[in-house]
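Reading through the structure tokens given below for one structure.
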Amino acid sequence: LASPGATLDDRMQRLEVLKNFAPGEVGGFLATIQRQLATNAPAIYVIANWMNSNQRANEAITWLESLPEAMREQQPVSLALSDSFFTAEKWAELEKYLANRDWKELEFLRLAYLSHAADKREMAVIAEAHWRSAVREANDRLGALTALLSLAGKWNKQDQLEELLWRIGGRFSEAKWAYRELERRYFTTGNTLGLNKVYSAQLESDPGNQLLKNNLASTSLLLHTRLTEAHQLAFEIYSRETNAITASTYAYSLHVQGKAPQGLAVLQMLDPDQLKRQPVACYYGLLLHVAGKVDQARPYLETAAHSRTLLPEEKRLVEDCLGH
């Protein structure tokens with residue numbers, strides 16, 4: 001710190017050392033760097049962020065409000081003060097501070113903060129209006145939308161988070177992670193319709209992907225929707241690449257078309273070990289049961305019944321066969 005080349009990082013590291021080994025000296029050193037860096041907006045943000053993270057949000061508010069108005073109006077100082085009100089849960093003060101301001105390229109953040117403050121004050125309509133405005137301000141900027149996505153997750157705004165993932169996935173071909181996250185969420189919650197929509201959207205940008213075709217076909221068949229397309233896809237992928245997954249999809253497609261014996265024949269061409277694995281066991285057990293081979297079907301159906309990877313519609317197929 002005595003070196004002319006000492007940086008803000010050096011100062012913040014010393015704060016951490018004092019916090020852990022000499023807490024009585026934190027206040028004095030904190031006041032020193034506050035004075036030293038009172039005209040450096042980025043440094044002010046870093047210091048305030050440290051204070052907010054260390055149960056000193058009220059102190060941060062007092063310090064930031066003592067700065068000259070011209071400095072308080074700069075970014076990221078305005079953001080730092082907002083974060084301090086937020087951390088201290090002073091929602092009315094946060095709303096008052098943010099009202100009638102313009103954060104220019106960060107306007108979406110100001111509106112998001114206003115939305116959360118209104119939400120905390122149980123003003124749902126206003127909160128929703130501010131959030132919609134925040135999304136409009138983010139427009140088609142991936143960084144801004146990703147920042148809102150992070151806030152939606154942090155604030156447990158599940159519906160808004162889902163909408164943002166769809167917006168990002170639909171507008172940015174490079175952001176494939178958005179659709180993958182939607183797929184993960186829908187699979188975890190057993191939302192087959194959501195999965196079907198994700199696979200359909202993904203296939204639009206990657207029309208040659210055989211796995212996506214299989215997933216779209218299988219979920220469409222389970223939902224009994226867009227069946228003509230689903231049957232065509234199931235036949236196409238099975239014809240191009242025969243494996244346990246494509247075979248189970250095609251076999252179920254034949255069953256839905258009233259051709260269960262042909263579907264069973266497709267699965268019986270697989271290796272016996274493959275028939276015991278998911279999701280093949282589910283469909284093999286189903287088709288054996290439909291063929292009247294109830295005793296032969298039961299081990300496969302029971303294997304499927306204990307699986308954690310079946311979708312709700314698949315579970316119902318298995319339960320109906322087992323008589324649950």
Side-chain angles (χ1 to χ4, degrees), residues 75 79 103-113 115-116 128-223 225-243 245-246 248-250 253 279 309 311 313:
Q75 290 292 10
L79 181 57
W103 280 11
K104 298 181 170 52
E105 69 274 6
L106 294 180
E107 181 66 3
F108 71 95
L109 273 183
R110 185 184 74 89
L111 292 164
Y113 274 42
S115 172
H116 193 59
E128 179 65 18
H130 282 315
W131 184 261
R132 294 296 174 197
S133 297
V135 174
R136 282 196 300 272
E137 281 293 329
N139 198 8
D140 283 341
R141 291 180 289 158
L142 180 56
L145 290 171
T146 304
L148 287 179
L149 182 70
S150 177
L151 291 178
K154 181 180 178 181
W155 299 339
N156 198 31
K157 291 178 175 288
Q158 296 303 317
D159 291 343
Q160 291 88 337
L161 188 150
E162 188 174 314
E163 290 175 6
L164 284 168
L165 286 170
W166 277 108
R167 188 182 184 95
I168 292 169
R171 284 167 169 75
F172 304 96
S173 58
E174 69 273 24
K176 292 180 172 56
W177 54 266
Y179 283 141
R180 287 197 296 269
E181 175 59 17
L182 281 167
E183 181 183 12
R184 185 196 67 78
R185 291 169 63 84
Y186 291 148
F187 189 82
T188 301
T189 57
N191 186 339
T192 309
L193 179 58
L195 286 170
N196 185 261
K197 291 179 179 178
V198 169
Y199 297 139
S200 179
Q202 287 178 302
L203 201 55
E204 287 184 11
S205 58
D206 190 6
N209 191 307
Q210 298 303 302
L211 178 59
L212 290 176
K213 288 180 181 180
N214 178 82
N215 292 344
L216 178 60
S218 63
T219 52
S220 294
L221 290 167
L222 289 169
L223 293 166
T225 185
R226 298 164 62 180
L227 287 178
T228 300
E229 177 190 18
H231 294 314
Q232 290 174 344
L233 285 173
F235 175 73
E236 176 190 334
I237 57 177
Y238 178 70
S239 301
R240 288 193 175 190
E241 185 178 345
T242 301
N243 57 48
I245 299 300
T246 61
S248 61
T249 300
Y250 181 48
S253 169
T309 61
L311 292 170
E313 292 78 6

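In this chain, numbering begins with 1 at the start of the sequence shown. Basis for what follows: all heavy atoms, side chains included, without hydrogens, waters or symmetry-related copies.
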Are the side chain of [X] and the backbone of [Y] linked by a donor-acceptor contact shorter than 3.5 Å?
| X | Y | answer |
| --- | --- | --- |
| Glu236 | Arg240 | no |
| Thr188 | Arg184 | yes |
| Gln210 | Gly208 | yes |
| Asn209 | Leu211 | yes |

Side chains of [X] and [Y]: does their closest heavy-atom pair fall under 4.5 Å?
| X | Y | value |
| --- | --- | --- |
| Thr309 | Pro279 | no |
| Trp103 | Leu111 | no |
| Asn196 | Arg226 | yes |
| Thr249 | Tyr238 | no |
| Lys104 | Gln75 | no |
| Tyr179 | Leu212 | no |
| Trp155 | Gln160 | no |
| Tyr250 | Thr242 | no |

> Between Glu163 and Arg167, does at least one N-O distance fall below 4.0 Å, as a salt bridge requires?
Replying inline: no

> Quick one: do Arg180 and Glu183 make a salt bridge, cutoff under 4.0 Å?
Replying inline: no

> Passes side chain to side chain contact (heavy atoms under 4.5 Å, CB included), Lys197 versus Tyr186? Steps please.
Replying inline: CA-CA 10 Å; Lys197 291 179 179 178; Tyr186 291 148; 6.0 Å; no

Quick one: [atom1] on [X] to [atom2] on [Y], what's the gap to the nearest 0.5 Å?
| X | Y | atom1 | atom2 | result |
| --- | --- | --- | --- | --- |
| Ser218 | Tyr199 | OG | OH | 7.0 Å |
| His130 | Glu128 | NE2 | CD | 11.5 Å |
| Thr219 | Glu313 | OG1 | CD | 9.5 Å |
| Leu193 | Leu311 | CG | CG | 11.5 Å |
| Gln202 | Leu182 | CD | CG | 8.5 Å |
| Ile168 | Asp140 | CD1 | CG | 10.5 Å |

Closest heavy-atom contact between [X] and [Y]?
| X | Y | result |
| --- | --- | --- |
| Ile245 | Asn243 | N-OD1, 3.0 Å |
| Phe172 | Leu145 | CE1-CD1, 3.7 Å |
| Ala201 | Trp166 | CB-CZ3, 4.0 Å |
| Glu204 | Pro207 | O-CD, 4.0 Å |
| Leu165 | Ala178 | O-CB, 3.5 Å |
| Asn214 | Thr246 | OD1-CA, 3.8 Å |

>> The test is side chain to side chain contact (heavy atoms under 4.5 Å, CB included); show your working for His231 and Leu221 and say whether it passes.
In response: CA-CA 8 Å; His231 294 314; Leu221 290 167; 3.5 Å; yes

>> Run the side chain to side chain contact (heavy atoms under 4.5 Å, CB included) test on Trp131 and Asp159 for me, step by step, so that the C-alpha distance in whole Å, both residues' side-chain angles and the decisive distance to 0.1 Å come before the verdict.
In response: CA-CA 12 Å; Trp131 184 261; Asp159 291 343; over 6 Å; no

> Which residues pass the salt bridge (charged side-chain N to carboxylate O under 4.0 Å, His left out) test with Arg185, sequence neighbours left out?
Replying inline: none

> Who are the salt bridge (charged side-chain N to carboxylate O under 4.0 Å, His left out) partners of Glu137, not counting sequence neighbours?
Replying inline: none

>> Just checking Phe235: does its CZ atom have more than 12 heavy atoms from other residues, nucleotides or ligands closer to it than 6.0 angstrom?
In response: no

>> With side chain to side chain contact (heavy atoms under 4.5 Å, CB included) as the criterion, how do Leu148 and Val135 come out once you've worked through the C-alpha distance, each side chain's angles and the decisive distance to 0.1 Å?
In response: CA-CA 8 Å; Leu148 287 179; Val135 174; 4.2 Å; yes

